[in-house]
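Every value quoted in this text rests on a predicted model; they were computed, and no experiment measured them. Count residues from 1 along the sequence. What's counted below: heavy atoms across the whole structure, side chains too, no hydrogens, waters or symmetry copies.
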Amino acid sequence: MKKVCTEHLQPGMEIGKDVPGVDDSVFIPKGTLLSVGHIQGLIDLGISWVRVISQGEQEDLEDLARRCQEHVRPYFNYVDPDSPVFNSLYREVLESTMSRLVQAGDWVLPCGHEFRATEHQGMRDLFFKEEGGPEDIVSHEMELISVPDTYFRLQEILKSPDSSARHVADVVRLDVNLTAKLLRLVNSPIYAFPSQVDSIERAVAIIGVEGVSSLALGIIAMPMFKDIPSDLMDVSTFWRHSISCAIFSKELARLCGFEGEQFFTAGLLHDVGRLLLLKNLPQAYLQVLLHARGNTLPLPEAEEVILGFNHAGLGEKLLRAWGCPDRLASLVGNHHQAKGSDLPRQAAIIQLADNMAVAFAIAGGWSYVLPGMEDDFWQELKLGTNQVVDLFQKHGEALRQVSHMLI
């Protein structure tokens, strides 16, 4: 007997355990062969899953493969179907999803009924649609949020051509937590230095003033967002996705011949605008999530429909209000439209990294559609499909370690 989500039932499956109805009645008795009408009735009653009789190991594996394809394929609707790299990522996600379910032994895929949002209902939106926009959200946030002094001191270092390792170390050492996280990060698998980096000065000597300062900015920004409705977005899950994008961004930048630290920070902060929306427009953003899920849309598309703008541009405005370097703000603001950037190749790196991070999380239950990217920008990156797939396959351990360090 196996547990199957109502969404993935097929006519002819045999019910393995009575399905209860109202008032302790039996809606569908054990042994019933499901019809289309039975399945629709289960959906209408809001029954999430039922137990069905196993047909044997081989048949069950074939059924699981079918259900996995039904589950995974819609997440790739907005990528180029002729793209070798996205086809390869699709196969990797499909294989990972199958493997996880077989190892778990329950073989239950995430289902639509699992998306609920109730706790935020007491929270009010900052404004209604067409009564305000990104500038109002950023202005409101700047009034409320307390930015640490360390952040502004690091900004000055980034702007000064005369900054040295000692300047960076003097600023970073004021924050013990920041120092510890920075050192753990530069000693993590994504750097793989041959010897341990045991001081900020040594980190600066290896990575550079700009590199260490950029990483520090990203780390400082992470805890600056609180009061996000947990039923709309688990903040730990959000930052795990952001760290995933950061790691992919750094590795892709390295393959493309760029220094990776600012790309890591851009990846880490690429969705910061989404946090602003969740915090300031919880009711409206629930509609965004429902619209995206109901129509199998990428979140930026759903944001444009419901809000009239998306989180990327909002994130850019926030980073500029914080006084972040122009390049960092531009990468965040254009990570869904590299063609609109002054740095299209660099923005395409964040765009590809975001797609890879979304794809990587699908096997673990992440329920967002890949936003896709323009084929000409993929070509401009001059990366081989095997290089991208290799990063994807090795990603799990680095993500686990870096997430443990930063969250």
Side-chain angles (χ1 to χ4, degrees), residues 1-79 81 90-91 93-119 121 231-232 286-299 301-302 305-306 361-370:
M1 197 158 48
K2 58 185 180 182
K3 181 178 174 181
V4 178
C5 176
T6 307
E7 296 175 16
H8 302 296
L9 292 172
Q10 290 276 293
M13 287 182 170
E14 182 180 351
I15 292 293
K17 185 177 181 180
D18 289 347
V19 179
V22 296
D23 300 326
D24 296 323
S25 63
V26 175
F27 178 57
I28 304 177
K30 175 183 176 181
T32 301
L33 297 181
L34 288 174
S35 65
V36 173
H38 286 131
I39 296 171
Q40 187 59 52
L42 291 167
I43 293 171
D44 292 343
L45 281 177
I47 294 173
S48 304
W49 54 267
V50 297
R51 296 281 183 184
V52 300
I53 297 297
S54 173
Q55 300 299 307
E57 183 178 357
Q58 184 59 37
E59 289 79 4
D60 283 351
L61 284 171
E62 290 174 359
D63 177 59
L64 180 63
R66 172 190 64 80
R67 290 191 285 125
C68 284
Q69 289 174 359
E70 289 178 357
H71 173 69
V72 172
R73 184 72 257 177
Y75 294 123
F76 285 77
N77 281 350
Y78 278 75
V79 303
Y90 169 73
R91 289 192 294 271
V93 172
L94 197 58
E95 183 178 335
S96 297
T97 304
M98 281 276 295
S99 177
R100 179 182 65 83
L101 293 174
V102 170
Q103 290 177 13
D106 205 5
W107 296 16
V108 180
L109 288 158
C111 301
H113 75 273
E114 295 174 0
F115 179 76
R116 296 186 177 92
T118 54
E119 295 176 8
Q121 296 298 328
D231 56 336
L232 286 183
L286 170 59
Q287 299 307 312
V288 170
L289 294 172
L290 291 171
H291 186 72
R293 189 169 192 127
N295 296 278
T296 320
L297 292 173
L299 279 175
E301 304 286 338
V305 171
I306 302 298
I362 289 171
W366 184 262
S367 55
Y368 298 103
V369 176
L370 272 72

Distance-only donor-acceptor check, side chains Gln103 and Ser99, under 3.5 Å: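 Short answer, yes.
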Quick check: closest heavy atoms across [X] and [Y], and the distance to 0.1 Å?
{"X": "Ser367", "Y": "Arg293", "result": "OG-NH1, 3.4 Å"}
{"X": "Leu370", "Y": "Pro298", "result": "O-CG, 3.8 Å"}
{"X": "Pro74", "Y": "Gln69", "result": "CD-O, 4.3 Å"}

To the closest 0.5 Å, what do you measure between [atom1] ([X]) and [atom2] ([Y])?
{"X": "Ser54", "Y": "Met13", "atom1": "OG", "atom2": "CE", "value": "10.5 Å"}
{"X": "Leu9", "Y": "Arg67", "atom1": "CG", "atom2": "CZ", "value": "8.5 Å"}
{"X": "Ile53", "Y": "Lys2", "atom1": "CD1", "atom2": "NZ", "value": "10.5 Å"}
{"X": "Leu101", "Y": "Ser96", "atom1": "CG", "atom2": "OG", "value": "10.5 Å"}
{"X": "Glu7", "Y": "His71", "atom1": "CD", "atom2": "NE2", "value": "9.5 Å"}
{"X": "Asn295", "Y": "Leu290", "atom1": "CG", "atom2": "CG", "value": "10.5 Å"}

task: Apply side chain to side chain contact (heavy atoms under 4.5 Å, CB included) to the pair Leu64 and Asp60, showing each step before the final yes or no.
output: CA-CA 6 Å; Leu64 180 63; Asp60 283 351; over 6 Å; no
field: With Arg66 via salt bridge (charged side-chain N to carboxylate O under 4.0 Å, His left out) - residues at least two apart
entry: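 Residues passing salt bridge (charged side-chain N to carboxylate O under 4.0 Å, His left out) with Arg66: Asp63, Glu70.
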With a 4.5 Å cut-off on side-chain heavy atoms, are [Y] and [X] touching?
{"X": "Pro29", "Y": "Ile15", "answer": "no"}
{"X": "Leu42", "Y": "Ile28", "answer": "yes"}
{"X": "Leu94", "Y": "Phe76", "answer": "no"}

message: Against His38, only a single residue in Thr32, Leu33, Ile43, Val50 fulfils side-chain contact (heavy atoms from CB on, under 4.5 Å); can you say which?
response: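 Of Thr32, Leu33, Ile43, Val50, side-chain contact (heavy atoms from CB on, under 4.5 Å) with His38 is met by Thr32 alone.
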task: Please test Leu299 against Leu289 for side chain to side chain contact (heavy atoms under 4.5 Å, CB included), starting from the C-alpha separation and ending with a verdict.
output: CA-CA 7 Å; Leu299 279 175; Leu289 294 172; 3.7 Å; yes
Heavy atoms from other residues, nucleotides or ligands near CD of Glu59 exceed 12 (cutoff 6.0 Å):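 Correct, the count exceeds 12.
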query: Does the Gln10 side chain pair with the main chain of His8, one donor and one acceptor, at a distance under 3.5 Å?
result: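 Looks like no, no N/O pair under 3.5 Å.
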task: Could you tell me whether a side-chain N or O of Arg51 sits under 3.5 Å from a main-chain N or O of Lys17, the two making a donor and an acceptor?
output: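 Flag not set: sc Arg51 to bb Lys17 has no pair under 3.5 Å.
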message: Go through it in stages, so that I can follow the logic: the residues are Tyr90 and Ile362, the test is side chain to side chain contact (heavy atoms under 4.5 Å, CB included), and I'd like the CA-CA distance, side-chain angles, deciding distance and then a yes or no.
response: CA-CA 10 Å; Tyr90 169 73; Ile362 289 171; over 6 Å; no
message: Test side chain to side chain contact (heavy atoms under 4.5 Å, CB included) on Leu297 and Tyr78; report intermediate values, then the result.
response: CA-CA 8 Å; Leu297 292 173; Tyr78 278 75; 2.7 Å; yes
